[in-house]
Amino acid sequence: MTAPGIREADTASLDAREAISTPEQSARARFLRRFKRQVPALIALGYLVLVVLSALCAPLLATHDPLQQNLAGVLQPPGGGHVLGTDDLGRDVFSRALYAGRISLVAAAQAVAVAVLLGVIPGLVAGYAGRRVDAVIMRVTDALMSFPPLILAIAFVGVLGPSLTNAMFVIGVIFAPRFVRLVRGTVLSIREESFIEASRSIGTPTPRVIWRHVLPNALSPLIVQISLTAAMAMLAEASLSFLGLGVQPPDASWGSMIERGFRYTAAAPWLTIFPGLLIALTVLAFNLLGDGLRDSLGREIRRGS
Amino acid sequence: MLRYTLRRVLMIVPLLFLVSLGVFALVLLIPGDPAITISGENATEAQIDATRERLGLNDPVLVQYAAWAGNALTGDLGSSLFSNESVSGAIMGRFPVTVAVTIAAMIVALLIAVPAGIIAALRRGHWQDRGATLFASVGISLPNFWVGILLIMAFALAVPIFPAVGYTPITEGVGEWARGLVLPGLTLGMAVAAEITRQLRGSLSDVMQQDFIRTARANGLRGRAVIAKHGLKNAAVPVVTVIGFQIGFLLGGSVIVERVFGLPGLGDLAIRSVLQRDIPMIQGIVVVTALIVMLVNLVVDLSYGWLNPKVRQA
């Protein structure tokens, strides 16, 4: 696996036209200019903003109380008084989907946060410290990556008890090795660079070198990985909730809405179609955004990730 | 090659040790007293003591681990807390179903991804490429249980050509068995197909720009032969890696697919054990699936040696 990060050969091969036309442009300006050309990623970003806003404003947008049951009006098809129909307890699917979006988004954010927290520091240590520490950390990540993610998640949740927080913590742990590898790769690729050496030679303490020089260089690939991991975390949450091991009723996430709707596949297909569409679009948006960000990063970084 | 193989096989040992530690530690993670959790809320003091004795929870942790790992090495993974069935027996009984689903998914994935990846790589920038790239992005974004439900709606309910649920053992007819695997295979194979398409497109189009491809062409080799003999073989290493990575995804995904299609496989066993908190069974399933992933990765690594002679000498 090639290590992401700046390497001399790559920097030298920077597109000549780009270098000539924008000599004193900052890296950020170049990034923004490239990103503005990534149409799918821009659409994805717009969609994600919309989803986050609608989740935040769920109480304002909801047409009904998401928990209010109406046993006289169960399994109503979309249209009429309910935009997306009603579920098996007569609850409004549209309003439920809005509130479920909150849970799905927060869950994905939790998992990503755990993965970043558990991944970045061991990654820095592995890349910066000597061989022996590196070897130990890498063996542990290898071991963690030998478990099929979903099966490990199911096992942990089985032991800890089904709850969304448990599920997302476990998902975060499972995704942490990706961040360990990414950060380690970046550190390895730049720790021999002259600006790091220069900083070290004037006596800068190691933590400061890492904080001021190493980490900023790992930031861009990290952001890309965060977007792609958010997509995977969202799918994982949906899967666990579909299996009944994630969010517990009366709370609902998009995944658990599908689980409930699955029992009425023939009679009320809209119960599974709409939440599934929301998951698919949101995950797709995170993936497209991640791809677009990666393609907008400097070629020197883009090549490695 | 022999030295490379030996070294690679030996690398499994520390990995296996760490994995076994992790799996064993699952018991330690049970909040509170595992004996109470396992015996159930209404258990009497005597029952809890019996559970404690049975699980060896009175011994020091290291002794517990040694006993568990020692037994596991001989293939004895303990027995279910509920049915007293042996864990390895239960896993072996469910295994064929999961293997069948996994292989069906891999076949579906390769049938889609190999042509799609090759066409996309050779027609880079054209509509075929854009179509394949779009398919790949969408494919990895679809929740597979949702795909499964949609397939059931379309091909089992609306147009009933395939069974919606259930599994026909191969002993009761190869045709019926295969028919029952089509929808689960499609469901699980879709995301894998997307991943392999992406990887194959990338690595093949890189290879096709290399000098040796131009040389082969200049020597008068036909287009198809260039692609097959020089292009695909050189593009295979990253693709094989991705296929190896997908095994873990497939084993996990089979849990979902088995749930959707009501198949009595390992995944079904896993869910049931989790809901019953059948710890030895959960541990057994995790160990066995992790072992499979490690073995597949071993085979993948060894195949590098065959695909790329440089690796053998390294």
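Residue numbers start from 1 in every chain, and the chains themselves are labelled A, B, ... in the order their sequence lines are given, proteins ahead of strands. Any value given below was found using the heavy atoms of this structure, including those in side chains, with hydrogens, waters and symmetry copies removed.
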Check: Looking at Q276(B), M153(B), M294(B), which has the largest count of heavy-atom pairs under 4.5 Å with chain A?
Finding: M153(B)
Heavy-atom proximity to chain A below 4.5 Å, by part of [X]:
X: L275(B); result: side chain
X: L142(B); result: both
X: L26(B); result: both

Check: chain B: which of V140(A), L277(A), L150(A), V159(A) shares the most heavy-atom pairs with it under 4.5 Å?
Finding: V159(A)
[X] side, atom [atom1]; [Y] side, atom [atom2] - distance, nearest 0.5 Å:
X: I282(B); Y: L152(A); atom1: CD1; atom2: CG; answer: 11.5 Å
X: L228(A); Y: I140(B); atom1: CG; atom2: CD1; answer: 7.5 Å
X: N144(B); Y: L235(A); atom1: CG; atom2: CG; answer: 8.0 Å
X: W146(B); Y: I279(A); atom1: CH2; atom2: CD1; answer: 8.5 Å

Quick one, [X] and [Y] - any side-chain contact, counting heavy atoms below 4.5 Å?
X: F242(A); Y: V260(B); value: yes
X: L288(A); Y: S137(B); value: yes
X: I149(B); Y: I273(A); value: no
X: V19(B); Y: F147(A); value: yes

Looking only at non-hydrogen atoms, find the nearest pair between [X] and [Y] and report the distance.
X: A143(A); Y: L15(B); value: N-CD1, 3.5 Å
X: V274(B); Y: G158(A); value: CG1-CA, 3.3 Å
X: A155(A); Y: V286(B); value: CB-CG2, 3.5 Å

Next item on the list: Please check if atom CZ in F155(B) has more than 12 non-hydrogen atoms from other residues, nucleotides or ligands closer than 6.0 Å.
Entry: no
Examine whether an atom of [X] lies under 4.5 Å from a heavy atom of chain B, and if so say whether it belongs to the side chain, the backbone or both; otherwise answer neither.
X: L245(A); answer: side chain
X: L281(A); answer: neither
X: D142(A); answer: both
X: A231(A); answer: neither

Using residues 238-256 of chain B as the side-chain source, report each donor-acceptor pair under 3.5 Å to any protein atom, sequence neighbours left out, with the distance given to one decimal.
| residue | atom | partner | partner atom | Å |
| --- | --- | --- | --- | --- |
| T241(B) | OG1 | V237(B) | O | 2.8 |
| T241(B) | OG1 | Y304(B) | OH | 2.4 |
| S254(B) | OG | L251(B) | O | 2.7 |

Margin query: P148(A) and side chain to side chain contact (heavy atoms under 4.5 Å, CB included): which single residue from I285(B), I292(B), T289(B) fits?
Written below: T289(B)
Notebook entry, point to check: What pairs meet the salt bridge (charged side-chain N to carboxylate O under 4.0 Å, His left out) rule with one or both residues in residues 189-199 of chain B, with sequence neighbours excluded?
Noted result: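 Pairs touching residues 189-199 of chain B that pass the test: D291(A)-R198(B).
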